Amino acid sequence: MGTNSLRSADDLELVAVTKRYGMALAVDNVSHLFRAGSYACLLGPSGCGKSSTLRMIAGHESVTEGAIILGGKDVSHLPPAQRGTAMMFQSYALFPHLSVRDNVAFSLKMKGVDKANRHAEADKLLDLVGMTSFADRLPAQLSGGQQQRVALARALITNPQVLLLDEPLSALDPFLRIRMRTELKKLQRELGITFIHVTHGQDEALALADEIVVMNNAVIEQAGPAREVFNAPKTAFVARFIGGHNVIALPQGRFAVRADEVRLVAQGTEAVVTAIEYQGAHVALTSRMAGDQDVLALVPEAEFFADPKNLGDTVMLAWEETRAHRLLA
């Protein structure tokens, strides 16, 4: 829950939401407040409950228990079209026989809007996503990135309070994925509406999110600003899943130590090199300390190649004690 008691009329709140499929518990008593106008990422591994949560918000899955409040109103039992939400599916789900313009305008057609007006609205949205020149094409004549833009325009034409995105970048190649991240963030800022984006990509969540909501085993493990979740993970799961951290057991408890804070030194904790991976600006060097604890160090490239290490070498590791973050679980 947000700590700020001031609520906006467009906030989205999950109140003790549970989803069961038969005996299987997909979402377990989840409560969370999504601030109006924010970009939130639901982050977690496959099967953690993030997509079920998104689909319940959209109305594509029923809520077993609890309530979904949007704008102060319980929308849990309303059909998707009446909720004030819109969903962009992972597959884009464009109609193959309809032109780009007619795909975007489809929901307005279902509402009985006349052709001239729905096409005028569709053209506005196509201009917003940079697809005006493709309006008369069929989906099969578009690239994956172009299809994604059309799917975005189609979701936005209903003027939703909340746009829901289910792994929208997963079908794109790595270069296009990074470009589309920039465009999604820019679009969200221009529109000023709430985006809730499901992903299992840590880089994607860190790049996009005002707030990251980490899910694991059907519950929210941690939620907060991207930088806070990265720098101050609460649990070993979050530290490992968000990436870039070591979870190290010490006599006084378990700690997260960022991999870029681990240094190779003349005197320190002894470890044996088990893996070396060149990653451009740095070299990812994994070594094993006593107690079979693997520690990752991100060594600046120039520093590593000034004194290269090989598999099986003994190295000395150190990190500032003040940079070791104590984990709660």
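This one's a predicted model, so the numbers in the text were calculated from it and none came from an experiment.
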Strictly below 4.0 Å, N to O, side chains only: are Glu121 and Lys124 in salt-bridge contact? yes

Counting only heavy atoms not in Asp74, do more than 12 fall under 6.0 Å of its CG? yes

Just checking Lys185: does its NZ atom have more than 12 heavy atoms from other residues, nucleotides or ligands closer to it than 6.0 angstrom? yes

Polar side-chain atom of Ser76 near backbone of Ile68 as donor-acceptor pair, under 3.5 Å: yes

Side-chain H-bond candidate by donor/acceptor type, Lys19 with Ser62, under 3.5 Å: yes

Side chain to side chain contact (heavy atoms under 4.5 Å, CB included) evaluation trace for Asp166 with Met87: CA-CA 8 Å; Asp166 187 11; Met87 188 156 177; 3.9 Å; yes

Are more than 12 heavy atoms, taken from residues, nucleotides or ligands other than Gln279, located less than 6.0 Å from that residue's CD atom? yes

Show every salt bridge (Lys or Arg N to Asp or Glu O under 4.0 Å) that has at least one partner inside residues 236-254, sequence neighbours left out. none

Would you say the side chains of Thr235 and Glu221 form a donor-acceptor pair under 3.5 Å? yes

Intermediate values then yes/no, side chain to side chain contact (heavy atoms under 4.5 Å, CB included), Phe230 and Arg258: CA-CA 9 Å; Phe230 183 78; Arg258 278 172 46 165; 3.8 Å; yes

Report, as yes or no, whether the 6.0 Å neighbourhood of atom NE2 on His200 holds more than 12 heavy atoms from other residues, nucleotides or ligands. no

Evaluation steps, side chain to side chain contact (heavy atoms under 4.5 Å, CB included), between Met180 and Leu169: CA-CA 7 Å; Met180 287 305 298; Leu169 307 181; 3.7 Å; yes

Write out all pairs satisfying salt bridge (Lys or Arg N to Asp or Glu O under 4.0 Å) with one or both partners inside residues 297-315, taking only residues at least two apart or from two chains. Asp307-Lys309

Verify the distance criterion only: is there a donor paired with an acceptor across the side chains of Glu167 and Thr199 at less than 3.5 Å? no

Ignoring hydrogens and angles, tell me if any N or O in the side chain of Thr274 forms a donor-acceptor pair with the backbone of Thr286 under 3.5 Å. yes

With no hydrogens and no angle check, do the side chains of Tyr21 and Ser52 hold a donor and an acceptor under 3.5 Å apart? yes

Please check if atom NZ in Lys234 has more than 12 non-hydrogen atoms from other residues, nucleotides or ligands closer than 6.0 Å. no

Show, in sequence, the C-alpha distance, side-chain angles and deciding distance for Ile193 and Leu156, and conclude whether the side chain to side chain contact (heavy atoms under 4.5 Å, CB included) test is met. CA-CA 10 Å; Ile193 65 174; Leu156 290 168; 3.9 Å; yes

Does Arg227 offer a backbone N or O that forms a donor-acceptor pair with the side chain of Asn231 under 3.5 Å? yes

Is it the case that atom CD in Gln267 sees more than 12 heavy atoms from other parts of the structure closer than 6.0 Å? no

Is a donor on one side and an acceptor on the other found under 3.5 Å between the side chain of Arg83 and the backbone of Val162? no

Using the ring of each side chain (for Trp, its six-membered ring), is Phe95 parallel, tilted or perpendicular to Phe106, with breaks at 30° and 60°? tilted

Charged N to carboxylate O below 4.0 Å: is that the case for Arg20 and Glu65? yes

Hey, are His119 and Asp102 close enough side-chain-wise for a donor-acceptor pair under 3.5 Å? yes

Regarding Gln188 and His197, do their side chains bring together a donor and an acceptor under 3.5 Å, going by distance alone? no

Donor-acceptor contacts under 3.5 Å from residues 126-142 side chains, at least two apart:
unit_1	atom_1	unit_2	atom_2	d
Asp136	OD1	Arg101	NH1	2.8
Arg137	NH1	Gln141	O	3.4
Gln141	OE1	Leu138	N	2.8

His32 and Phe34 aromatic ring geometry - parallel, tilted or perpendicular at 30°/60° bounds: perpendicular

